[in-house]
There are 2 protein chains.
Amino acid sequence: MQDASDRPYHHGDLRRALIETALAILQEERGWQFTLRELARRAGVSHAAPYKHFADKAALLAEIALIGFEKLREALLAAQTAQPANDRDALLPAARAYLGFARRNPALYRLMFGAEAGEPAAVHLDDRARGAFAVVVEFLERGQAAGLIRKREALGQATACWALLHGLAMLELDGLLLREKVGEDAVEAALATLLEGLAA
Amino acid sequence: MQDASDRPYHHGDLRRALIETALAILQEERGWQFTLRELARRAGVSHAAPYKHFADKAALLAEIALIGFEKLREALLAAQTAQPANDRDALLPAARAYLGFARRNPALYRLMFGAEAGEPAAVHLDDRARGAFAVVVEFLERGQAAGLIRKREALGQATACWALLHGLAMLELDGLLLREKVGEDAVEAALATLLEGLAA
DNA sequence: CATGTAAGTTAACATTGTCAACATATGTTT
DNA sequence: AAACATATGTTGACAATGTTAACTTACATG
C-alpha cells in the first residue's frame with residue numbers, strides 16, 4: 001500500500017496489477033462476489049480505471065479464468081514428469097494433481113467453469129483452455145502406445161477423464177463427499193473405477 | 001397478464017407463482033442473470049413483494065435449485081423403470097436421462113451446481129438434492145446384487161457415476177464437445193469407459 | 001516544443017438487492 | 001358483528017454496482 005502522494009498518476013502496469021490483485025482476493029475469500037470497484041480499491045486506483053484495460057467485467061473475469069487454465073496445465077505437466085509412465089497407475093499422479101489444483105484454488109476453479117465470465121464457451125474454446133485438455137489427450141496417447149491403456153479413441157477417453165475429474169472436483173468443493181455419507185475414500189474409489197475402465 | 005384493476009390486492013399464491021415464473025424464464029433464456037426485480041415484474045407484482053416469501057435472493061435461488069434436483073430425480077427414476085436391469089448396459093438409460101435433463105434445462109442445471117444460490121453445500125446437503133444421488137446408489141446396489149456390477153463400495157461407484165455424468169454435462173453445456181475436436185461420439189465413448197470400469 | 005494518445009480521475013446514470021413504513025386483505029377472538 | 005392481529009401487498013428510500021462521458025495528466029513522437 002503506497003501513499004496517495006508518492007504514487008504516480010500512471011500506475012505503470014495496472015492490467016497485470018488488477019489480475020494479480022483479483023487472484024489474490026480469490027485465494028483469500030472462497031466466496032467473493034467479484035466486484036470491479038472493490039478490485040480497483042484494493043489495487044489503489046479509481047473505480048473506472050479498469051475500463052482502460054478491459055472492455056467490461058466479463059472480459060476481466062474471462063482473462064482470469066484463462067490464467068487459471070494455464071496454471072492447471074502447468075500443474076498437470078509437473079505431475080506427469082514427476083513419474084515416468086511405466087506403471088499401470090501412471091495416470092494417478094496427474095489425476096491427483098488436477099484435484100489438488102481445484103482444492104487449492106476453489107474460487108478460481110469455480111470461476112473457470114462458471115457462467116460469470118461471459119459465455120463459458122468463449123472461455124473454454126480459447127487455446128489456453130484447450131491446452132490443459134491437450135495434456136490429458138497426449139498423456140493417454142502415450143499410454144496407449146506403451147500398451148498400458150486400452151486402445152480406443154483417445155479423445156473419448158480424455159473426455160471421460162476430464163469429465164470425471166471435473167465432477168469429482170465439484171463434488172468435493174461443495175463438501176459433498178462427506179466420509180460418513182460416501183465412504184472413507186470415495187475419491188480413490190472413483191479414480192479406481194475410471195482406471196479400470198481405461199486399463200488395457 | 002391480467003389488468004391491474006381486476007387483480008386482487010393479494011396474489012393468492014405468490015410464492016409458487018414466483019418459482020414458476022423463474023423456472024419459465026430460465027427455460028427461455030439460457031444466460032439470464034437472475035434479478036429479483038425482473039422476476040417480480042413478470043409475476044405482475046411489486047419489486048419488494050418477494051421478500052414476504054423469501055429471506056433474500058439466495059434463498060429463492062436455492063429453492064429453485066432444489067426443485068431442479070427433484071426434477072432430476074424424477075427423470076432418473078422414469079428412465080430406470082423403463083427398462084428392467086437385466087442387461088449389462090442397464091445403466092445407460094439412466095445416464096442418458098441425466099444428460100438429457102441437463103441438455104433440456106441448461107440454465108437450471110447451471111444454477112443447481114453454481115455458487116449463486118448461496119453456499120452450494122447448503123443446497124447439495126439438502127435431502128432433496130441427496131435424493132437424486134440416492135437413486136444412483138440404489139441402482140448400483142441392485143446391479144451388484146444381480147451380479148451385473150463389480151462388487152465394490154457402491155458409494156464410491158456412485159460417486160464415479162455422478163462425477164462423470166456431471167462433468168460430461170458441463171462440458172456439453174459449454175459446447176466443448178465439438179465433433180471436430182473430440183470425435184464423433186465422445187459422450188458414448190466416455191460412458192463406455194465408465195461402464196467398463198463398473199461391469200462385473 | 002507542440003501535440004496526439006494512452007492511462008488516469010471525477011461525476012453522473014440506471015439498476016439492483018434490501019429495508020422500513022405504510023396499506024389492505026384475511027382470520028380469529030370476544 | 002366489532003375489534004384486532006397477522007399475513008401479504010405497495011411505495012419510497014438507501015447504498016452499492018457496472019458502465020459511460022467529460023476532463024486531466026503523463027509520456028512519446030514529429
Side-chain angles (χ1 to χ4, degrees), chain A residues 1-22 25-26 29 31-65 107 111 114-119 122-123, chain B residues 1-22 25-26 29 31-65 107 111 114-119 122-123:
Chain A
M1 270 301 168
Q2 35 191 352
D3 193 38
S5 52
D6 64 349
R7 177 175 44 121
Y9 189 87
H10 281 71
H11 183 287
D13 197 354
L14 180 56
R15 186 187 160 91
R16 183 182 319 274
L18 285 173
I19 290 175
E20 279 171 9
T21 306
I25 302 182
L26 279 180
E29 306 183 37
W32 178 40
Q33 40 216 76
F34 212 103
T35 86
L36 276 187
R37 288 173 110 108
E38 180 182 349
L39 184 57
R41 240 170 280 148
R42 303 258 300 234
V45 95
S46 83
H47 64 263
Y51 284 87
K52 300 295 171 176
H53 299 272
F54 299 94
D56 58 2
K57 187 182 175 182
L60 208 182
L61 290 180
E63 182 65 25
I64 291 173
L111 179 63
E116 300 167 273
E119 267 302 302
V123 171
Chain B
M1 269 301 170
Q2 35 189 352
D3 193 37
S5 52
D6 64 349
R7 179 172 45 116
Y9 189 87
H10 281 70
H11 183 287
D13 197 353
L14 180 57
R15 185 188 162 91
R16 184 184 316 275
L18 285 172
I19 291 174
E20 279 172 8
T21 306
I25 303 182
L26 279 180
E29 306 183 36
W32 177 41
Q33 42 218 71
F34 213 105
T35 88
L36 275 188
R37 288 174 110 107
E38 179 182 350
L39 184 57
R41 240 170 280 150
R42 304 257 301 233
V45 96
S46 84
H47 64 264
Y51 283 87
K52 300 295 171 175
H53 299 270
F54 300 95
D56 58 1
K57 187 183 176 182
L60 210 181
L61 291 180
E63 182 65 26
I64 292 174
L111 178 63
E116 300 167 273
E119 266 302 301
V123 172

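Within every chain, numbering begins at 1; the chains are lettered A, B, ... in the order of the sequence lines, protein sequences first and strands thereafter.
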**Student:** Under a 4.0 Å threshold between the charged nitrogen and the carboxylate oxygen, would A/Arg15 count as salt-bridged to A/Glu63?
**Tutor:** yes
**Student:** Give me the atom names and distance for the closest heavy-atom approach of A/Arg42 to A/Thr21.
**Tutor:** CB-CG2, 3.8 Å
**Student:** Counting heavy atoms from C-beta on, name the nucleotide in D/dT8, D/dT11, C/dG8 closest to the side chain of B/Ser46.
**Tutor:** D/dT11
**Student:** Between atom CG in A/Leu60 and atom C1' in D/dT19, what is the gap in whole Å?
**Tutor:** 14 Å
**Student:** Round to a whole Å and report the spacing from CD of A/Glu116 to P of D/dG18.
**Tutor:** 12 Å
**Student:** For B/Leu14 and C/dA25, what is the distance between atoms CG and P respectively, to the nearest whole Å?
**Tutor:** 16 Å
**Student:** Rounded to whole angstroms, how far apart are CZ on A/Arg15 and P on C/dG8?
**Tutor:** 12 Å
**Student:** Are any protein N/O atoms closer than 3.5 Å to N/O atoms in nucleotides 13-16 of chain C? If there are, list each pair with its distance.
**Tutor:**
unit_1: C/dT16; atom_1: OP2; unit_2: B/Arg41; atom_2: NH2; d: 3.1

**Student:** Starting at the 5' end of DNA chain D and moving along, which residue's nearest nucleotide shows up first, B/His53 or A/Ala55?
**Tutor:** B/His53
**Student:** What nucleotide, of C/dT18, D/dA21, D/dT11, holds the atom closest to the side chain of B/Asp56?
**Tutor:** C/dT18
**Student:** Take atom NZ of A/Lys52 and atom P of D/dT25, then tell me their distance rounded to the nearest Å.
**Tutor:** 15 Å
**Student:** With a 4.5 Å heavy-atom cut-off, do B/Phe54 and B/Leu36 have their side chains touching?
**Tutor:** no
**Student:** Take atom CG of B/Asp13 and atom P of C/dT26, then tell me their distance rounded to the nearest Å.
**Tutor:** 14 Å
**Student:** Enumerate the ring-ring contact (aromatic ring centres under 6.0 Å, His included) contacts for residues 33-53 of chain A, please, sequence neighbours excluded, ordered by first and then second residue.
**Tutor:** A/Trp32-A/Phe34
**Student:** What is the distance, to the nearest angstrom, from the OH atom on B/Tyr51 to the P atom on D/dT11?
**Tutor:** 17 Å
**Student:** Taking atom types as they are modelled, is there a donor-acceptor pair under 3.5 Å from the base of D/dG9 to the side chain of B/His47?
**Tutor:** no
